[in-house]
Amino acid sequence: MASNSDTIYHVLSYIKSHPDKVFTKPDAYDNVVEMYLDDTVKLGNPEIYFPKQKLEVNRMSSDFLSMYSDLLDYFHDMTQVKDANYHELWITTSHLADQHKYLVDLSFE
């Protein structure tokens with residue numbers, strides 16, 4: 001599991017600022033947002049957070065949740081869960097090289 005990083009914050013900020021560059025897939029789970037970016041988007045530390053054809057799962061720290069609560073609430077509002085009481089955030093990322101996409105999956109617990 002990779003350590004928490006500004007990389008995740010920057011990726012989420014990019015997604016929020018450029019919704020036209022993101023494909024959001026309706027998820028089978030109420031508390032999840034699944035998004036895809038073209039792999040031409042420049043990301044920091046892709047070798048850590050976006051391993052090719054492998055999943056990287058990262059449980060974000062409570063400091064991360066507190067520091068970026070407004071940004072995270074934006075994504076939580078995309079879920080089917082209507083209360084804003086989440087205590088954990090798991091982020092799964094990957095580089096789907098064969099599809100030329102980066103996966104960003106947010107699971108609010």
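Just so it is clear, the structure is predicted and the values come from calculations on it, not from any experiment. Excluded from the calculations below are hydrogen atoms, water molecules and symmetry mates; all remaining heavy atoms, backbone and side chain alike, are included.
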Test of understanding: with ring pair (Phe, Tyr, Trp, His ring centres under 6.0 Å), list the residues that count as partners of Tyr14, not counting sequence neighbours.
His18
For the residue pair Lys54 and Ser94, what are the closest heavy atoms and their distance?
O-OG, 2.7 Å
In this structure, CD1 of Ile15 is separated from CE of Met35 (nearest 0.5 Å) by 4.0 Å
Can you hop from Tyr102 to Leu96 via hydrophobic side chains spaced under 4.5 Å?
no
What heavy-atom pair brings Leu72 and Leu89 nearest, and what distance separates the two atoms?
CD2-CD2, 3.6 Å
With side chain to side chain contact (heavy atoms under 4.5 Å, CB included) as the test, would you mind laying out the steps for Gln80 and Asn31 before giving the verdict?
CA-CA 6 Å; Gln80 299 301 314; Asn31 62 326; over 6 Å; no
Output for pair (Asp30 CG, Ser107 OG), nearest 0.5 Å, gives 11.0 Å
Side-chain (Glu109) to main-chain (Tyr86) donor-acceptor, under 3.5 angstrom:
no
Of all heavy-atom pairs between Phe75 and Leu12, which one has the smallest distance, and what is that distance?
CZ-O, 3.4 Å
Going by the angle between their ring planes, with limits at 30° and 60°, are Phe23 and Tyr36 parallel, tilted or perpendicular?
tilted
Say whether Val33 and Val41 are linked into one hydrophobic cluster, either directly or through other cluster members, by side-chain heavy-atom distances under 4.5 angstrom.
yes
Parallel, tilted or perpendicular: which fits the ring planes of Tyr68 and Tyr9, with parallel below 30° and perpendicular above 60°?
parallel
Side chains of Glu34 and Asp105, heavy atoms from C-beta outward: is any pair under 4.5 Å?
yes
Contact check, side chains of Val11 and Ile91, non-hydrogen atoms, under 4.5 Å:
no
NZ/Lys16: more than 12 non-hydrogen atoms of other groups inside 6.0 Å
yes
So if you build clusters from Ile, Leu, Val, Met, Phe, Trp, Tyr with side-chain heavy-atom gaps below 4.5 Å, do Met67 and Tyr74 land together?
yes
Can you tell me how far CD1 of Ile8 sits from OH of Tyr49, rounded to the nearest 0.5 angstrom?
5.5 Å
Taking all atoms of both residues into account, what is the closest heavy-atom pair of Lys101 and His95, and its distance?
O-CD2, 3.4 Å
Sidechain N-carboxylate O distance under 4.0 Å for Asp38, Lys21
no
Nearest-0.5 Å distance, CG of residue Asn45 to OG1 of residue Thr7:
4.0 Å
Are Trp90 and Val32 connected into the same hydrophobic cluster when the rule is that any two of I, L, V, M, F, W, Y join if their side-chain heavy atoms are below 4.5 Å apart?
no
What one should report as the nearest heavy-atom pair of His87 and Leu65 is O-CD1, 3.3 Å
Enter the distance from Met60:CE to Phe108:CZ here, rounded to the nearest 0.5 Å.
11.0 Å
Give, for atom CG of Leu37 and atom OG1 of Thr93, the distance between the pair rounded to the nearest 0.5 Å.
11.0 Å
